[in-house]
Each structure stands twice: as structure tokens, then as C-alpha cells.
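Taking it in order: structure first as C-alpha cells, then the write-up.
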Amino acid sequence: MTTEPDAEARRRIEEIGARPWRQRIGDELRTGRGPTLPITDPTNDTVLAAPATADAEDVREAVERAAAGAAAWGRTTPRERAAAVRAFADVLERHAEELAWLDTIDAGLPLWMMRIDAATGVERMRMFADLAHSLVGHTIPASAGNLHLTFPEPFGVVARIIPFNHPFMFASSKLAAPLVAGNAVVLKPSELTPLSALRMGELADGILPPGVFSVVHGGPETGEALVRHPAVSRIAFTGSHQVGRAIQRSGADAGIKHVSLELGGKNAMLVFPDADLDRAVPAAVKGMNFAFAGQSCGSTSRVLVHESLAEEFTERFVRAVDALRIGRPWDEGVQIGPMVSRRQQERALGFIERAVAAGAEVLSGGGRGPGDGCFVQPTVLGGVAPDSEVAREEVFGPVVSLLRFRDEEEALRIANDVEYGLTGSVWTRDLDRALRVSRALEAGYVWVNDTSTHFPGVPFGGWKLSGIGREESVDELLSYTQLRAINVVAA
Ligand code: NAD
């Protein structure tokens, strides 16, 4: 494989290098005052751009302007806010191709997939605009003759910290609910993939009122400064449990903060003897989210197959994974691109090496490449022991572990014997078993005879180490409000 990009990719890569990458601080677009951080092209690990980061002063200013903006924004009606969010969604939709390309180049994710992500981000923004009418309070008959009312009120400033794996889709969709609920948002994208979010900051110009949307660029220090600012009372984080814990700790040090956490997963797909393998095998491939090089929190990275089907399933699954086309993310027909960075690549390869040392067998892939970019071949591991590292820890790479079980009890024991609890997938044509097993799984989001699909409006979120809170639904919208009760006593 050559790492020489085609003409369009080359043009866009040059543009990225030549542009000033500015942050949105309140409604001002300007270069950060902190040190620069290189953003790399994962197909060859070369530097694309080195935007300046936000220093503590930039963060402070973004939060203070957000607090000022939130005061007026929170007094508008949900309908007015929904209209502004819709207008922003329209602008982003008009720039969807540009935003998809930024993510493809910056994160190494296939262009066709980033086009879907761009459309999903815009669709979810519109979903939250449509849900604006759900911001209602109650009247409560708590005492005779008086009036008892509740109001869902915004918090003020929301810090929104996101990871690298869906750069634009998360930046856009996770902005909508706090805005519709009446808050101002300071968004911090991943330092690895900030470009589409920085571009969103520019595109918001003249669309959203002053102060309500800022984008700051930087790594842990920038995130930490945001979390610790006294005017930030609501923090919404998507990322690893290690950072989630750090945020809970620094949030608690700095004050009493409402924190929601969307964290990692080590998700199990359970294939029972009556499963339809014609559907289950492609679903296991889809469930692993190879289009994201496995860098997806909901990936079904443990496939537990009943011993009666294990051989046939393994043979068909390995054939399907062997056939995946790996390459540059902008090339036609590519199904899996590089991982986001050299560090993530080495991390995934380390998991494979240790799994083999612990007795697992590489049935497909297992190595780096093609070329010297941050590629890891889609990898299937067989003979994985349920208590081994690769069966219990999140790889966040294109590595699937195959395990066998004898009966339902053993399947559930293995599936639940991890610290995570994000998703699960149950394959059976027996409705009793489907419901029994779904409800016995320690996971926040379960599919029966499906994997990977997210349905707008259905709450997504984790149990155990996978997080706190629910998103993608009315629950997310309401989580950006705090209740005020007013008691009117008859005079
Ligand atoms: P990460 O936790 O390393 O980083 C996430 C974000 O936190 C980045 O923006 C980073 O700069 C910021 N950050 C780092 N240290 C910080 C600190 N001390 N204070 C404040 N912010 C800080 O995660 P990642 O490597 O970008 O993403 C991978 C992880 O995200 C995986 O564990 C994956 O499962 C998880 N994830 C979860 C979901 C979900 O919906 N549950 C979705 C996508 C990804």
C-alpha cells in the first residue's frame, strides 16, 4: 500500500496545514494562548497541523462568557432555543462533506462512515430540538388550597468533554440537549481529533447568541481547568473510566457538581444454539465496529458462542473478518482504516501479544499494517480464557475474543464477570430466553438479534464501570435541568 493520498485528500490535507485553527471563546474566534499540540494523520503518523491550545486564562474566559450568555439564553423559551439549534443543524448539514473529510483525515475513519456520522449528528440535534416540548414541570396536590409547581431549570454552564472516536458526531449531537435545556456549553474535543469541533465553532458565528457555545482545544490540563471552574456546575463526559474518575475527583475537590459519565465497555454477544447464523455472523462483524477500527464503546468485543455452534460460527466469522478491506480511509471500498494514533496502535498490539502469551490463538489478523501508519489488522482471537486480560479489559481496537459456553448459566456468568456494563447482544429465536437473558445481563443497552444499532429516543448508557446517566433520549435532555419547586400559599 502506498501512503500517498489521492488528489482530493492531498488538497484537503494541505488546507488543514495552511489554516489558522481558532477556538471559539464566547463569540470570539481566536488562537489559543497555550502551547501548540500537533495533530497527526494516522495513515502515516505525520503532523497535519499544530493548533495552539487554550491556556487556563482562555478556559476561564470561555466559562465566564458562557455564564453571561446562559443568563439570557436560559430565559428564552424552549421553542426559541429549539429554533436556534435547528438553524445551527442546518448550517452544519450544509457543511457535512467538509466536516466528514476533517474527521476522516484527522481520526483515520472511513469517509463513507464519517458521512453517516455527520448525518447522525445533525439528525440528533434536530431530535433534541423536537423534544423541547418535554421541558415541562408538574403541579402537585401537596396541600389543600395552595399551588405547588415544579420547573425544570437549566444549570447555567455545562462542560462537555468528548473522546476521539466520533469527533463531529459527538461534538454536534452532545451539544444539542444542554442548549435546548437552556444552558451554555463549553465543548472540549479530544486533543487528538479537534478539527471538526474547531470548525463548528466558526460555523456557529451569527447563528447562536453570544456566549452560549465555546470550543476550547487541549488535553488533560484544559479539561481539568474546565472541570474545576466554579461556574461549571454540570459536567458531561464521554471517555475512559480512568478519566471519568479523575473528573469526579477534581469536580468534588472544586465544588458540588452534577456529573454524567459515558464510559467504556467490554460487551458480550451471546450466541445460543437456536441462533440464526446467517444473521449472527454478519452482526458480529458489524457489532465490532471495524469501521471505527474497533474504537467504539459499544463494540461487542467478546463473542460467546454455544459449544454446539462454535466451530461453524468461528469458521464463518473468521472468513468474514479475513475479507475486510483495510486501507486509507478516503479510498473507495475501505472498511477499516488506521487507529487514531501510534499510541493506540501500540496499545492494541500489546493486548494481542499478551493474549497470545496467555494461550489465545490468532485466527485472523494479529499484526500491524499495511504500511507504517497506525494500522492494526482486524483480529480474531480464539481459545480466549474468560479470566484473561483480553477477555476482561477494553482494548478499544479491532480485536475480538471468541469464547465458548456450555449452557445459559455459564454464558451469563462469563458475560457478567467484567467490571464494565455498557451493551450486550443476545442471539436466540426463543422469546423466553431472549427476555430472561437480556434482563439478567449487567448492561445498560441490550440488543436481541442485533448489534451496534442506536435507535434515536432510546436511552443509551452504562451500568457498573461503564458510567452514570443516559443519553440519546429525553432522559439526556432532562439531565441538563435541575428542578425548582415553588409553593404558592393562598394569602
Ligand atoms: P479519554 O478518557 O482518554 O479522553 C476523553 C476526553 O477527556 C478527551 O477530550 C481528553 O482530553 C479529556 N481528558 C483527559 N484527561 C482529563 C482530565 N484530567 N480532566 C478533564 N478532561 C480530561 O478517552 P479517549 O481515549 O478519547 O476515548 C476512548 C474511551 O472513551 C474508551 O474508554 C471508550 O469506551 C470511551 N467512550 C465511551 C462512549 C460511551 O458512550 N459510553 C462513547 C465513546 C467512547
Side-chain angles (χ1 to χ4, degrees), residues 34 37 39 53-54 56 59 106-107 109 117 120 124 159-171 173-174 186-194 196-198 215-229 232 235-254 257 259-267 288-289 292-301 339-341 343-345 347-348 351 393-397 418-423 443-445 452 454 458-473 476:
L37 251 183
I39 311 296
T53 52
V59 173
D106 191 2
L109 300 167
D117 255 27
T120 305
R124 291 206 188 149
R160 204 54 181 100
I161 301 175
I162 55 174
F164 66 77
N165 61 327
H166 289 275
F168 170 74
M169 199 270 272
F170 281 165
S173 62
K174 293 180 186 295
V186 181
L187 174 72
K188 198 202 81 59
S190 164
E191 64 274 34
L192 299 175
T193 56
S196 52
L198 292 171
V215 187
V216 291
H217 165 50
E221 310 74 39
T222 311
E224 177 98 21
L226 195 51
V227 164
R228 286 184 177 271
H229 194 291
V232 171
I235 301 157
F237 172 74
T238 306
S240 64
H241 73 87
Q242 292 88 347
V243 174
R245 289 166 198 237
I247 285 175
Q248 280 187 318
R249 277 193 293 268
S250 28
D253 282 348
K257 312 220 175 200
V259 181
S260 57
L261 302 170
E262 285 278 355
L263 309 176
K266 189 71 200 181
N267 312 300
M288 204 32 229
N289 291 302
F292 290 88
Q295 301 162 124
S296 182
C297 56
S299 292
T300 38
S301 55
M339 297 192 68
V340 73
S341 65
R343 186 157 168 251
Q344 291 297 320
Q345 177 197 34
R347 187 173 171 275
F351 267 102
E393 299 298 327
E394 184 186 45
V395 179
F396 216 59
V418 290
E419 288 187 285
Y420 293 99
L422 191 54
T423 72
Y445 201 87
S452 181
H454 287 227
V458 179
F460 184 84
W463 289 16
K464 297 158 73 176
L465 215 62
S466 295
I468 301 172
R470 292 297 175 270
E471 298 194 343
E472 305 177 11
S473 60
E476 179 176 351

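Whatever order the structure lists them in is the order used to number ligands and atoms, beginning at 1. The analysis underlying the following values was restricted to heavy atoms, covering all of them including side chains, and did not include hydrogens, waters or symmetry mates. Predicted model only: the values in this text are computed from it and were never measured.
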Quick one: pull up [atom1] in [X] and [atom2] in [Y] and give me the separation to the nearest 0.5 Å.
| X | Y | atom1 | atom2 | answer |
| --- | --- | --- | --- | --- |
| E471 | S173 | CD | OG | 8.0 Å |
| E262 | I161 | CD | CD1 | 14.0 Å |
| F351 | S301 | CZ | OG | 10.0 Å |

Review point. Judged by modelled atom types alone, do S452 and N289 share a side-chain donor-acceptor pair under 3.5 Å?
Key: yes
Check your understanding: Hey, are E472 and R124 close enough for a salt bridge, meaning a charged N less than 4.0 Å from a carboxylate O?
Key -> yes
Study note, to complete from the structure: Expected contact list for ligand 1 at under 4.0 angstrom, heavy-atom basis, is I161, I162, P163, F164, N165, F170, K188, P189, S190, E191, G219, P220, G223, E224, F237, T238, G239, S240, V243, I247, E262, L263, G264, C297, E394, F396, L422, F460
Exercise for review: Could you give me the CA-CA distance, side-chain angles and deciding distance for F396 and F292, then say whether ring-ring contact (aromatic ring centres under 6.0 Å, His included) is met?
Suggested key: CA-CA 9 Å; F396 216 59; F292 290 88; 9.7 Å; no
